[in-house]
Amino acid sequence: MRNHRRRGLTALATIASLASVSVLAAACGSDGDDSESDGKVKITVEGWRPGDEQGTIDAVNKLADEFMKDNPDIVVEPVEWEWSAETFSTQLAGDTLPTTFRVPFTDTKGLAERQQIADVTEYVNELPYAEEFNPSVLAAATGTDGKIYGLPTDVYGVGLHYNRDLFEEAGLDPDAPPTTWDEVREDADAIAEATGQAGYVQMSANNTGGWMLTTLTYTLGGRLQSEDGTTASVDNPATAEGLQMLHDMRWEDDSMGKNTNFEWGTINEAFAAGKIGMYMSGSDVYNALVTTNQVDPDSYGLAVLPLSDSPDAGVLGGGSVAAVSAKASDEEQSAAVLWNDFYREKKNYDPAAAEADAKVLAESDQPIGTPTLPIFDEPTWQGVQDAIAPYVNVPQDQMSSFREGIFDQSLVPEPASHTQELYAILDAVVQKVLTDENADIAALLADAQSQAQALLDS
């Protein structure tokens with residue numbers, strides 16, 4: 001193992017401002033740049049999403065300053081970046097990726113197999129908690145070769161996000177969100193009738209349609225693949241039931257509105273603007289709703305997803321892996337893992353680090369206390385929650401259904417093989433059902449089943 005402290009790296013406590021984002025390409029890779037000149041390791045790191053408010057940028061920069069004080073060998077430059085499967089390969093080829101960045105659980109194995117992210121097993125194993133990860137969570141950061149390609153972070157369970165104001169306008173109790181899919185349908189109809197806004201909306205574009213159809217299928221007890229990822233099971237009764245419900249809400253109830261072409265960013269924007277009563281997304285999306293979409297916290301509610309009576313019913317769980325560019329040098333990889341430990345992981349297991357992080361976030365009025373799930377074990381998670389309790393500024397009472405109920409629900413991982421390609425196939429199914437009143441659900445699923453199995457056989 002390498003000792004991070006014996007590389008003879010020296011200090012440089014500078015950090016880029018937002019105006020310097022346009023030059024991040026010059027600092028990304030180790031080919032022909034000065035990332036290790038003068039005995040210093042310089043890395044660019046994912047800092048904030050496009051559109052994030054200045055408070056978010058200030059908080060990241062302050063944490064970077066603190067990291068560099070503790071690690072004078074490393075220069076950290078946070079930059080604006082957001083994951084996109086469509087542009088990732090181009091960014092990698094053009095050396096415009098940060099040194100380290102987050103990728104979805106579902107993409108990690110494919111990126112590793114294509115050698116687009118770095119094997120950082122050596123550096124992860126040097127961390128004091130390397131043996132303490134929840135195995136099912138660490139598996140998301142592990143390639144098919146058994147090597148580790150990053151640190152798991154931002155673990156979530158999908159929840160039902162709802163607008164309390166629209167609930168009240170429709171005569172519904174915002175403290176009693178729906179607990180069955182029949183109630184979701186009834187409440188969506190009431191909201192649409194009383195307010196003219198969409199009562200419930202389902203994502204359908206850029207693979208989010210497949211993601212959320214998978215989620216809906218899980219809640220009804222179905223699966224889209226065998227556990228080993230070799231056999232497709234797209235054409236199943238639960239998926240058919242979910243699609244029929246979406247069809248009926250769209251065409252019989254008219255409770256989904258006219259815009260059916262939503263993805264993650266656009267649905268967040270519409271929800272924050274008060275145009276959507278309910279939608280499904282990861283439990284941590286409140287942070288983006290605040291920092292990017294300026295949602296009114298008083299209008300926000302979060303509930304657990306309704307589950308059917310099926311013993312196989314569960315909630316889709318996911319998250320991100322803090323990965324490192326395959327073009328990073330060994331020294332950059334090491335520095336990136338140290339940064340990700342400090343910035344993303346330590347606050348998940350160390351109460352003191354969690355409190356320090358909360359203090360920085362509080363100073364810039366960033367969300368603190370948004371529900372996440374344990375990367376380690378529930379007692380460790382609870383210790384962190386206790387540490388940040390004095391700083392919590394999110395409306396946790398309005399999230400009580402999720403906070404109190406999620407640990408009683410079975411978490412089901414996303415499909416194991418060709419996940420994003422499967423989601424793309426399912427996007428077309430969801431879009432057809434939402435745009436064609438006469439869509440033949442049975443035929444759509446039979447065709448999607450054939451496509452999915454061919455994909456798995458390829």
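With contacts defined as side-chain heavy-atom distances shorter than 4.5 Å, the pair Val45/Phe101 does not qualify. Taking the side chain as every heavy atom from C-beta outward, Pro415 and Tyr423 approach each other to under 4.5 Å. Residues Asp457 and Gln453 meet the side-chain proximity criterion, which asks for heavy atoms closer than 4.5 Å. By the 4.5 Å heavy-atom criterion applied to side chains, Met256 and Gln202 are counted as neighbours. Considering only heavy atoms from C-beta on, Trp264 comes within 4.5 Å of Val285 through its side chain. With contacts defined as side-chain heavy-atom distances shorter than 4.5 Å, the pair Thr419/Asp107 does not qualify. In this structure the side chain of Ile375 never reaches within 4.5 angstrom of the side chain of Asn134, judged on heavy atoms. Leu444 places a side-chain heavy atom less than 4.5 Å from the side chain of Val433.
Thr380 contributes atom OG1, which lies 10.0 Å from atom CG of Asn348 (distance to the nearest 0.5 angstrom). With rounding to the nearest 0.5 angstrom, the OH atom of Tyr123 is 4.0 Å from the CG atom of Asp330. Rounding to the nearest 0.5 Å gives a distance of 15.0 Å between CG of Asp427 and NZ of Lys432. Distance check: Thr215 OG1 to Met212 CE gives 3.5 Å after rounding to the nearest 0.5 Å. With rounding to the nearest 0.5 Å, the separation of CD in Glu263 from CE in Met203 is 9.5 Å. Here the straight-line distance linking atom CG of Leu151 with atom OG1 of Thr153 works out to 8.0 Å at 0.5 Å rounding.
If you check the side chains of Thr370 and Asn287, you find a donor sitting under 3.5 Å from an acceptor. A side-chain donor from one of Thr106 and Gln420 sits under 3.5 Å from a side-chain acceptor of the other. The closest side-chain donor-acceptor pair between Arg49 and Thr56, if any, does not fall under 3.5 angstrom. Checking Asp447 against Ser450 by side-chain atom types alone, no donor-acceptor pair falls below 3.5 Å. Side-chain N/O atoms of Thr121 and Asp119 include a donor and acceptor closer than 3.5 Å. Defined by atom type and a distance below 3.5 Å, a donor-acceptor pair is missing between the side-chain atoms of Ser299 and Asp165. With no hydrogens or angles considered, a side-chain donor-acceptor pair links Ser89 and Gln116 at under 3.5 Å. Under 3.5 Å, the side chains of Thr99 and Thr44 contain a donor-acceptor pair of N or O atoms.
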Using the side chain to side chain donor-acceptor pair (under 3.5 Å) rule, take Asn340 and Thr100 through it: C-alpha gap first, then chi angles, then the decisive distance, then the call. CA-CA 8 Å; Asn340 287 327; Thr100 182; 2.8 Å; yes
Decide side chain to side chain donor-acceptor pair (under 3.5 Å) for Glu414 and Thr214; before the verdict, give the C-alpha distance in whole Å, the side-chain angles of both, and the deciding distance to 0.1 Å. CA-CA 8 Å; Glu414 294 179 76; Thr214 300; over 6 Å; no
For side chain to side chain donor-acceptor pair (under 3.5 Å), just list the numbers for Thr260 and Ser204, CA-CA rounded to whole Å, side-chain angles, deciding distance to a tenth of an Å, and then say yes or no. CA-CA 7 Å; Thr260 59; Ser204 65; 5.4 Å; no
Test side chain to side chain donor-acceptor pair (under 3.5 Å) on Trp48 and Glu53; report intermediate values, then the result. CA-CA 9 Å; Trp48 49 83; Glu53 59 188 16; over 6 Å; no
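Qualifying side-chain hydrogen bond (donor to acceptor under 3.5 Å, both in side chains) partners for Gln385, counting only residues two or more places apart in sequence or in other chains: none. Checked against side-chain hydrogen bond (donor to acceptor under 3.5 Å, both in side chains), Glu269 has no partners two or more places apart in sequence or in another chain.
Minimum interatomic distance between Ser226 and Thr230 (heavy atoms only, all atoms of both residues): OG-N, 3.3 Å. Across all their heavy atoms, Ser325 and Leu92 have their closest contact at OG-CD1, 3.8 Å. Shortest non-hydrogen contact noted between Pro98 and Val79 is CG-CG2, 3.9 Å. The two atoms that bring Ile191 and Gly277 nearest to each other are CD1-CA, 4.2 Å, heavy atoms only. The heavy-atom pair separating Pro78 from Ala64 by the smallest distance is CG-CB, 3.9 Å.
Side-chain atoms of His161 come within 3.5 Å of backbone atoms of Ser281 as a donor-acceptor pair (strictly under, hydrogens ignored). For the pair Tyr343 (side chain) and Leu338 (backbone), a donor-acceptor distance under 3.5 Å is absent. Between the side chain of Thr208 and the backbone N or O of Trp211, no donor-acceptor pair lies under 3.5 Å. Between the Gln366 side chain and the Ser364 main chain, a donor and an acceptor come within less than 3.5 Å of each other. For the pair Asn236 (side chain) and Arg223 (backbone), a donor-acceptor distance under 3.5 Å is present. Panel note: side chain Gln225, backbone Ser233; no donor-acceptor pair is recorded below 3.5 Å. Between the side chain of Gln409 and the backbone N or O of Val315, no donor-acceptor pair lies under 3.5 Å. Judged purely by atom type and a 3.5 angstrom limit, Asp284 has no side-chain atom pairing as donor or acceptor with the backbone of Tyr156. Within the 3.5 Å criterion, the main-chain N or O of Val295 finds no donor-acceptor partner in the side chain of Asn293. The main-chain N or O of Leu166 is found under 3.5 Å from a side-chain atom of Asn163 such that the two form a donor-acceptor pair.
Here Asp73 does not pair with Lys40 in a salt bridge; the nearest charged N to carboxylate O distance is not below 4.0 Å. Salt bridge Arg102/Glu46: present, at least one basic N to carboxylate O contact under 4.0 Å.
Using the six-membered ring where Trp is involved, Phe67 and Phe342 have ring planes that are tilted, between 30° and 60° apart. Relative ring orientation between Tyr129 and Phe133 is described as perpendicular, the plane-to-plane angle rising above 60° on a 0-90° scale split at 30° and 60°. In this pair, Tyr300 and Phe271 present their aromatic rings perpendicular. The plane angle is above 60°, beyond the 30 to 60° band.
Within a 6.0 Å radius of CD in Glu437, more than 12 heavy atoms belonging to other residues, nucleotides or ligands are found.
Checked against the 6.0 Å centroid criterion, the rings of Phe402 and Tyr286 do not qualify as a close aromatic pair.
At least one cation-pi condition fails for Lys109 and Phe105: the charged atom is not both under 6.0 angstrom from the six-membered ring centre and inside a 45 degree cone around its axis.
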